[in-house]
Amino acid sequence: MSERKTPRLALIGLVVVALIGSAVFYFSKTDESNASEALDKAKASQKLQSLAELNGKAPSHRSLDVQTWNTAEGAKVMFVEARELPMFDMRLIFSAGSSQDGDAPGLAVLTNAMLNEGVAGKDVGAIAQGFEGLGADFGNGAFKDMALASLRSLSATDKREPALKLFSEVIGKPTFPADSFARIKNQMLAGFEYQKQNPGKLASIELMNRLYGDHPYAHTSDGTAKSIPPITLAQLQAFHAKAYAAGNVVIALVGDLSRSEAEAIAAQVSSALPKGPALPKLAQPTEPAASIGHIEFPSKQTNLMLAQLGIDRDDPDYAALSMGNQILGGGGFGTRLMSEVREKRGLAYGVYSGFTPMQARGPFLINLQTRAEMSEGTLKLVQDVLADYLKTGPTEKELEDAKRELAGSFPLSTASNADIVGQLGAMGFYDLPLSYLEDFMQESQRLSVEQVRTALNKHLSTDKMVVVSVGPTVPQKPLPAPSDKPAEQPLGVPEH
């Protein structure tokens with residue numbers, strides 16, 4: 001790892017969305033060439049008939065009757081009755097993500113991965129067959145803030161009750177078999193070897209280290225090749241007893257259930273968990289010094305990541321920042337960054353920006369890959385676009401277009417039971433009001449240009465950016481002049 005020192009450090013601003021898998025999200029696109037061609041054609045074509053039928057009116061969306069209560073053991077429950085289908089979705093959200101790893105990076109991911117590897121009398125195969133035989137689906141995962149366990153099941157009593165019994169055993173009384181533990185450790189260690197060939201992953205690891213320093217968000221959720229081998233089964237058992245406690249969980253329920261049935265399900269699940277309180281909230285990270293770092297990597301393209309601390313999940317400026325980012329680089333084609341970097345100059349296949357609000361301040365990230373020989377100029381261009389946007393803010397047309405796009409896409413946030421259970425889980429985990437979805441929509445539609453510009457400048461600054469690049473050191477070429485039809489097109493699918 002080396003530091004790039006340059007006399008124009010101040011000029012380029014000392015200047016990923018979201019995560020949020022196990023670290024800062026790395027934008028890699030599959031089948032991008034075909035997708036790009038289709039998007040380019042769609043951009044120039046007329047509206048789809050289904051959109052034309054709207055006559056400029058926003059589509060209707062579901063109005064949710066969110067009910068909430070606490071179980072006897074202290075679990076918070078969020079419930080929406082939805083009778084359209086004879087099934088239900090349940091998601092348990094524990095404050096058991098990698099930010100709770102302590103001095104054992106990877107502990108949270110290992111614990112979560114081991115949940116369905118064994119219970120009394122059943123190994124991993126028998127557990128999988130048990131859910132499958134009931135037409136049920138089990139899921140799990142661990143991230144920075146949280147760890148998840150989910151169940152989708154038919155609501156009929158003869159299917160629901162055995163599925164819930166098995167689910168309760170899996171999350172409440174896992175046996176953590178030694179052979180599975182060794183296998184999963186080996187899989188993780190193999191993954192670390194693969195990461196060495198993934199420039200986007202290398203960039204995100206270095207970026208989070210620089211951005212968060214000693215804060216728990218700094219290390220990747222998967223841990224490292226050095227931290228995983230020493231972790232013991234006793235550590236997993238202790239972590240499960242503490243972090244998977246009933247007082248440390250939100251239970252989100254959506255589906256073909258009455259309130260009394262939902263209460264019974266929540267009580268059954270809650271009572272199966274270890275007894276214990278919620279874990280303390282994370283402290284806020286310290287603002288890092290602006291820096292520029294480079295990792296040498298043999299490739300034709302250079303990965304560029306620019307980031308600074310953003311906001312936590314309950315920040316009152318969230319709606320304004322979300323809308324502002326949609327215009328800057330969060331909305332695909334037509335954003336400021338995509339227009340200047342790809343459409344006018346053909347420098348990158350895609351360029352994206354985003355806030356990732358979490359329990360503590362999550363990152364604001366700009367991410368792209370560009371030709372190695374134009375990486376310095378492209379970095380300068382991105383910084384200039386951001387600086388100009390912070391200075392002038394969005395135009396009235398940009399803001400109105402973004403509002404219409406939000407109004408059109410908003411119904412998708414509650415289009416299915418799976419969508420709703422995800423929304424409920426986030427609302428419960430981050431202590432958002434029950435009216436959060438409606439409040440966010442209404443607040444977003446009322447925003448003015450000045451409100452968006454003010455919020456962006458309150459939380460972002462071009463002289464606080466942490467920049468990481470991964471690629472080869474090669475002679476640099478000047479950027480092409482902007483054009484409606486750039487002479488050179490992006491190299492294609494990003495390297496990863």
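The analysis underlying the following values was restricted to heavy atoms, covering all of them including side chains, and did not include hydrogens, waters or symmetry mates.
With sequence neighbours excluded, the residues that form a salt bridge (charged side-chain N to carboxylate O under 4.0 Å, His left out) with R83 are E81, D256. Listed by chain and residue number, R259 satisfy the salt bridge (charged side-chain N to carboxylate O under 4.0 Å, His left out) test with E263 (two or more places apart in sequence, or in another chain). Residues passing the salt bridge (charged side-chain N to carboxylate O under 4.0 Å, His left out) test with K242: none are found, sequence neighbours excluded. Considering only residues two or more places apart in sequence or on other chains, R91 meets the salt bridge (charged side-chain N to carboxylate O under 4.0 Å, His left out) condition with none of them.
Using modelled atom types, one side-chain atom of N112 and one backbone atom of L148 make a donor-acceptor pair closer than 3.5 Å. Side-chain N or O atoms of T335 include one that pairs as donor or acceptor with a backbone N or O of G332 at under 3.5 Å. Between the side chain of S98 and the main chain of D101, no donor-acceptor pair closer than 3.5 Å is present. A donor-acceptor pair is defined here as one N or O able to donate and one able to accept, closer than 3.5 Å; such a pair exists between the side chain of S99 and the backbone of K144. In this structure a side-chain-to-backbone donor-acceptor pair under 3.5 Å is missing from K159 to S153.
Taken to the nearest 0.5 Å, the CZ atom of R336 stands 13.5 Å off from the CD atom of Q326. Annotation: the span from L211 atom CG to E206 atom CD amounts to 11.0 Å, rounded to 0.5 Å.
With hydrogens and angles left out, the side-chain atoms of S461 and D463 include a donor and acceptor closer than 3.5 Å. In the model, D312 has a side-chain atom that pairs as donor or acceptor with a side-chain atom of Q284 under 3.5 Å. Inspection of the D419 and S416 side chains reveals an N or O donor paired with an N or O acceptor under 3.5 Å.
Contact annotation: the side chain of S180 approaches that of M114 to within less than 4.5 Å [non-hydrogen atoms, C-beta and beyond]. Taking 4.5 Å as the limit, every side-chain heavy atom of P174 sits out of range of all side-chain heavy atoms of E117. Within the 4.5 Å cutoff, the side chain of Q235 has no heavy atoms near those of the L110 side chain. Residues F181 and F176 form no side-chain contact, since every pair of their non-hydrogen atoms from C-beta on lies 4.5 Å or further apart.
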Without placing hydrogens or testing angles, list every side-chain donor-acceptor pair under 3.5 Å for residues 119-132, not counting sequence neighbours.
from, atom 1, to, atom 2, distance (Å)
D123, OD1, G125, N, 3.1
D123, OD1, A126, N, 2.9

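Taking the six-membered ring for Trp and thresholds of 30 and 60 degrees, Y436 and Y318 have ring planes inclined between 30 and 60 degrees apart. Under the 30°/60° scheme for interplanar angles, the aromatic rings of Y244 and F94 are found to be tilted. Classified by interplanar angle (parallel below 30°, tilted 30° to 60°, perpendicular above 60°), the ring pair W69/F79 is perpendicular.
Looking at E169 and K165, a side-chain N of the basic residue comes within less than 4.0 Å of a carboxylate O on the acidic one, giving a salt bridge.
Sorted by first and then second residue, the side-chain hydrogen bond (donor to acceptor under 3.5 Å, both in side chains) pairs involving residues 421-432 (not counting sequence neighbours) are K76-D431, D145-Y430.
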